[in-house]
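Computed from a predicted structure; not experimentally measured. Order of the sequence lines sets the chain letters (A, B, ...), proteins ahead of strands, with each chain counted from 1.
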There are 2 protein chains.
Amino acid sequence: MAARGAVQAHTHNHKACIDDALKTARELCAARGVQLTPLREKVLQIVWKSHKPVGAYDVLDELSRSHKSARPPTVYRALDFLMGEGLIHKIESLNAYLGCVEAGAPHAGHFLICRKCGATEEIVDPKLEAALDQAAKRARFRAERQVVEISGLCAHCTG
Amino acid sequence: MAARGAVQAHTHNHKACIDDALKTARELCAARGVQLTPLREKVLQIVWKSHKPVGAYDVLDELSRSHKSARPPTVYRALDFLMGEGLIHKIESLNAYLGCVEAGAPHAGHFLICRKCGATEEIVDPKLEAALDQAAKRARFRAERQVVEISGLCAHCTG
DNA sequence: GGCGTGATGATACAACATAACAAACGCCGC
DNA sequence: GCGGCGTTTGTTATGTTGTATCATCACGCC
Ligand SMILES: [Zn+2]
Ligand SMILES: [Zn+2]
Ligand SMILES: [Zn+2]
Ligand SMILES: [Zn+2]
């Protein structure tokens with residue numbers, strides 16, 4: 001699964017993204033001996049509906065169509081599971097969730113969030129990772145989690 | 001006003017931090033022709049009570065002691081004002097607010113958040129800023145806001 | 001069958017944030 | 001003085017996001 005830039009997010013065939021993500025998720029969970037239940041897979045599919053972060057209550061609305069008993073804990077438990085397995089990320093500045101494009105490869109999520117179209121790209125940038133590690137090291141800080149969310153205008157929305 | 005590392009946050013004389021922050025805030029607001037009213041100054045003082053991010057409702061509890069009519073909008077309006085003037089930052093991953101150690105100098109806030117003691121250090125690191133700018137540029141993304149929050153253990157809590 | 005474990009159902013509540021309108025205040029021109 | 005205007009604060013209500021807690025269910029195991 002390759003990262004898709006915001007421009008591509010406007011034009012590509014997104015069904016392939018969803019199919020890839022679900023396939024990868026099934027394989028990873030099987031390999032790890034954890035259960036990607038129908039409920040969890042459905043939530044993953046909803047999160048992957050687009051390249052825009054989706055709120056937990058939006059997931060709930062969508063999930064409710066097929067799953068009448070769904071309630072907030074239903075959704076949050078599924079989201080927690082998916083985050084624990086590295087299949088989705090939380091976008092802290094939006095209180096929303098986004099499918100991970102590098103599931104299986106341990107990494108911190110770094111994001112470019114377009115404030116106009118909402119498309120959010122997960123970037124993998126070794127130089128940025130190194131700069132973050134260095135910054136922490138300089139302060140003798142043991143980093144465990146990185147939240148990096150850059151907001152602005154994507155290439156498509158700039159011009 | 002210099003940044004203080006997490007180690008210093010455990011030992012320094014913090015009254016000087018508060019006094020500096022309030023003095024700087026008064027000067028900046030006067031120079032800009034905006035009103036640092038008693039209410040807003042009190043909220044700023046509460047946020048500066050420590051080097052740990054403080055939640056809006058914690059601010060409200062504290063503010064209520066001196067200001068009985070305080071309600072959520074009271075606090076959020078003051079926090080919005082202070083953020084607008086660059087006197088405080090919001091820590092997105094904690095839904096909490098922290099006094100800015102570089103008020104007056106335009107900058108994105110980058111933070112090291114200790115998950116054990118809560119002490120949060122604002123770091124100013126040109127290399128990190130450059131790496132972030134480069135990462136955005138590479139994706140032809142026009143960055144407007146950066147959220148960088150590194151969680152882990154501070155030097156004091158590590159050893 | 002009885003038991004342990006993981007997953008889901010169900011109710012209630014906590015924590016965070018904003019909408020909308022009213023009242024008070026200072027300022028300025030007249 | 002006073003009426004208009006912009007800013008700040010008061011007030012009530014509501015919206016949004018996230019958890020705690022306990023009950024129930026499904027499955028594998030002995
Ligand atoms: Zn796609
Ligand atoms: Zn990822
Ligand atoms: Zn201090
Ligand atoms: Zn700052």
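For the OP1/OP2 pair of dT7(D) and a distance below 4.0 Å, the side-chain nitrogens and oxygens of Q35(B) include no atom meeting the criterion. The shortest distance between the side-chain N/O atoms of K68(B) and the OP1/OP2 oxygens of dT9(D) is not below 4.0 Å. Phosphate proximity of dG10(D) to H67(B): present, with a side-chain N or O under 4.0 Å from OP1 or OP2. The side chain of N95(A) places an N or O atom within less than 4.0 Å of a non-bridging phosphate oxygen (OP1 or OP2) of dG18(D).
Looking only at side-chain heavy atoms (C-beta outward), V47(A) and L79(A) come within less than 4.5 Å of each other.
What separates CG of L94(B) from P of dA15(C) is a distance of 15 Å, to the nearest Å. The distance from atom CG of L39(B) to atom C1' of dG10(D) is 11 Å, rounded to the nearest whole Å. Put simply, CG on D58(B) is 10 Å from C1' on dA15(C), counting in whole angstrom units. Taking atom CG of D61(A) as the reference point, atom P of dT17(D) lies 10 Å away to the nearest angstrom. I91(A) places its CD1 atom 16 Å from the C1' atom of dT17(D), with the value rounded to the nearest Å. Atom NZ of K42(A) and atom P of dA7(C) are 21 Å apart (whole Å). Put simply, CG on L82(B) is 11 Å from P on dT9(D), counting in whole angstrom units. Atom OH of Y97(A) is separated from atom C1' of dT16(D) by 12 Å (rounded to the nearest Å).
We find the CE-OH distance between M83(B) and Y97(B) to be 5.0 Å, quoted to the nearest 0.5 Å. Distance check: Q45(A) CD to I18(A) CD1 gives 6.5 Å after rounding to the nearest 0.5 Å.
In summary, K23(A) and D19(A) do not engage in a salt bridge, as defined by a charged side-chain N under 4.0 Å from a carboxylate O. Under 4.0 Å is where a charged nitrogen must lie from a carboxylate oxygen, and between R145(A) and E92(A) at least one such pair does.
Side-chain atoms of Y57(A) and base atoms of dG18(D) include a donor and an acceptor less than 3.5 Å apart. With hydrogens and angles left out, the side chain of R77(B) and the base of dG10(D) share a donor-acceptor pair within 3.5 Å.
Within the 4.0 angstrom heavy-atom criterion, no nucleotide atom of any strand lies near F81(B).
Which of dT18(C), dG9(C), dT19(D) sits closest to the side chain of S69(A) comes down to dG9(C). Ranking dA7(C), dT19(D), dT8(D) by closeness to the R40(B) side chain, first place goes to dT8(D). Considering only side-chain atoms of Y76(A), the nucleotide from dT8(D), dT19(D), dT8(C) that sits closest is dT19(D). Checked against dT12(D), dA17(C), dT11(C), the side chain of R71(B) finds its nearest nucleotide in dT12(D). For T74(A), counting side-chain heavy atoms from C-beta on, the closest listed nucleotide (dG9(C), dA10(C), dT8(C)) is dG9(C).
With the nearest nucleotide of DNA chain D identified for both G55(A) and T37(B), T37(B) has the one nearer the 5' end.
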Please step through side-chain contact (heavy atoms from CB on, under 4.5 Å) for the pair C100(A) and H107(A), ending with a clear verdict.
CA-CA 10 Å; C100(A) 175; H107(A) 64 286; 3.2 Å; yes
